[in-house]
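Let me begin by presenting the structure, written as structure tokens, before commenting on it.
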Amino acid sequence: YLPNHIGGGITINHNRNLLSIDGLSAVTNVVNGNLFLNGNFSLKSLHGCPSIVDGHFSCEKNKSLTSLSGCPEQVKYSFNCKTCATRFKKHEVESICQVGGEIYAYVK
């Protein structure tokens, strides 16, 4: 159950039963702050992420995450995708997302 509008950052961390974030994009297409989706061990997809994160984005330690498809198209600051099921590379992030800061991936 999400509100109709979120005015700041979003943190959804350490929820072992979270399978999907599909409903998140229905709430907002722009996050005015950070978006943290860390340690959600059953999360397999980033489909449903807002298009723009006006802060930091992190999806690290998601042990079932095998693709960055559906991730934000634009992140103002850092993008962190370390320690997931797939060892994402920096060039993979750059090919699907415009990142204004550092990219923290398995291989630079």
Side-chain angles (χ1 to χ4, degrees):
Y1 300 98
L2 293 170
N4 293 330
H5 175 73
I6 299 173
I10 301 171
T11 300
I12 304 172
N13 289 344
H14 309 293
N15 184 335
R16 295 182 185 273
N17 298 318
L18 182 68
L19 299 174
S20 169
I21 56 168
D22 284 335
L24 194 55
S25 62
V27 175
T28 184
N29 200 33
V30 177
V31 174
N32 296 315
N34 303 322
L35 176 56
F36 296 133
L37 303 169
N38 301 314
N40 300 301
F41 296 158
S42 299
L43 185 64
K44 294 181 181 180
S45 169
L46 295 175
H47 288 283
C49 272
S51 297
I52 299 172
V53 175
D54 196 27
H56 301 277
F57 174 73
S58 181
C59 62
E60 71 173 338
K61 299 179 183 174
N62 290 309
K63 295 183 178 184
S64 297
L65 190 62
T66 58
S67 171
L68 294 175
S69 179
C71 75
E73 298 169 10
Q74 185 177 356
V75 173
K76 186 171 185 176
Y77 299 118
S78 67
F79 188 113
N80 186 350
C81 58
K82 293 173 76 174
T83 322
C84 293
T86 297
R87 293 179 172 179
F88 301 114
K89 296 171 181 62
K90 182 178 178 180
H91 72 85
E92 291 176 275
V93 175
E94 292 171 330
S95 72
I96 57 175
C97 182
Q98 180 183 355
V99 181
E102 284 291 321
I103 296 173
Y104 301 99
Y106 181 73
V107 178
K108 301 250 180 200

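All figures in this text were calculated on a predicted structure; none of them were measured in a lab.
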- Message: Run the ring pair (Phe, Tyr, Trp, His ring centres under 6.0 Å) test against Y77 and tell me which residues pass, sequence neighbours left out.
- Response: H56
- Verify the cluster assignment for I12 and L35: are they in a single hydrophobic cluster under the rule of side-chain heavy atoms below 4.5 Å apart? yes
- Is the backbone N or O of L18 less than 3.5 Å from a side-chain atom of S42, with the two atoms forming a donor-acceptor pair by type? no
- Nearest atoms (heavy-atom pairs only) where S64 meets A85: C-CB, 3.9 Å
- Ring centroid separation for Y106 and F88, is it under 6.0 angstrom? no
- Query: Can you name the nearest heavy-atom pair linking E92 to R87, along with the distance?
  - Reply: OE1-O, 4.1 Å
- Working to the nearest 0.5 Å, report the span between SG of C84 and NZ of K63. 11.0 Å
- Message: Do F36 and I21 sit in one hydrophobic cluster, given that two such residues count as connected whenever their side-chain heavy atoms are within less than 4.5 Å of each other, even indirectly?
- Response: no
- Quick check: does any side chain N or O of N15 sit under 3.5 Å from a backbone N or O of N40, one acting as donor and the other as acceptor? no
- Taking every heavy atom of S45 against every heavy atom of L65, the minimum-distance pair comes out as N-CD1, 3.7 Å
- Item | side chain to side chain contact (heavy atoms under 4.5 Å, CB included) assessment of S67 paired with T86 | CA-CA 7 Å; S67 171; T86 297; over 6 Å; no
- Message: So, taking the atom named CG in N13 and the one named CG in N62, what distance separates them when rounded to the nearest 0.5 Å?
- Response: 8.5 Å
- Task: Evaluate side chain to side chain contact (heavy atoms under 4.5 Å, CB included) for C59 paired with L68, printing each intermediate quantity in order.
- Result: CA-CA 9 Å; C59 62; L68 294 175; 4.2 Å; yes
- Supply the atom-to-atom distance L43 CG to N38 CG, rounded to the nearest 0.5 angstrom. 10.5 Å
- Got a sec, which residues hit salt bridge (charged side-chain N to carboxylate O under 4.0 Å, His left out) with K61, two or more places apart in sequence or on another chain? none
- Kindly give the heavy-atom pair with the smallest separation between H47 and D22, and that separation in Å. O-OD1, 3.0 Å
- d(C81 SG, K89 NZ) to nearest 0.5 Å is 10.5 Å
- Evaluation steps, side chain to side chain contact (heavy atoms under 4.5 Å, CB included), between L46 and F57: CA-CA 12 Å; L46 295 175; F57 174 73; 4.3 Å; yes
- Query: Do V53 and I10 sit in the same hydrophobic cluster, where Ile, Leu, Val, Met, Phe, Trp and Tyr count as joined when their side-chain heavy atoms come under 4.5 Å apart?
  - Reply: yes
- If you measure from NZ on K82 to OG on S58, what distance do you get to the nearest 0.5 Å? 10.5 Å
- Run the numbers on S51 and Q74 for side chain to side chain contact (heavy atoms under 4.5 Å, CB included), then give the verdict. CA-CA 6 Å; S51 297; Q74 185 177 356; over 6 Å; no
- State plainly whether one hydrophobic cluster holds both L19 and F41, where clusters connect Ile, Leu, Val, Met, Phe, Trp and Tyr through side-chain heavy atoms under 4.5 angstrom apart. no
- Query: Is the CD atom of E73 crowded by more than 12 outside heavy atoms at less than 6.0 Å?
  - Reply: no
- Item | Interatomic distance, L37 atom CG to N80 atom CG [nearest 0.5 angstrom] | 11.5 Å
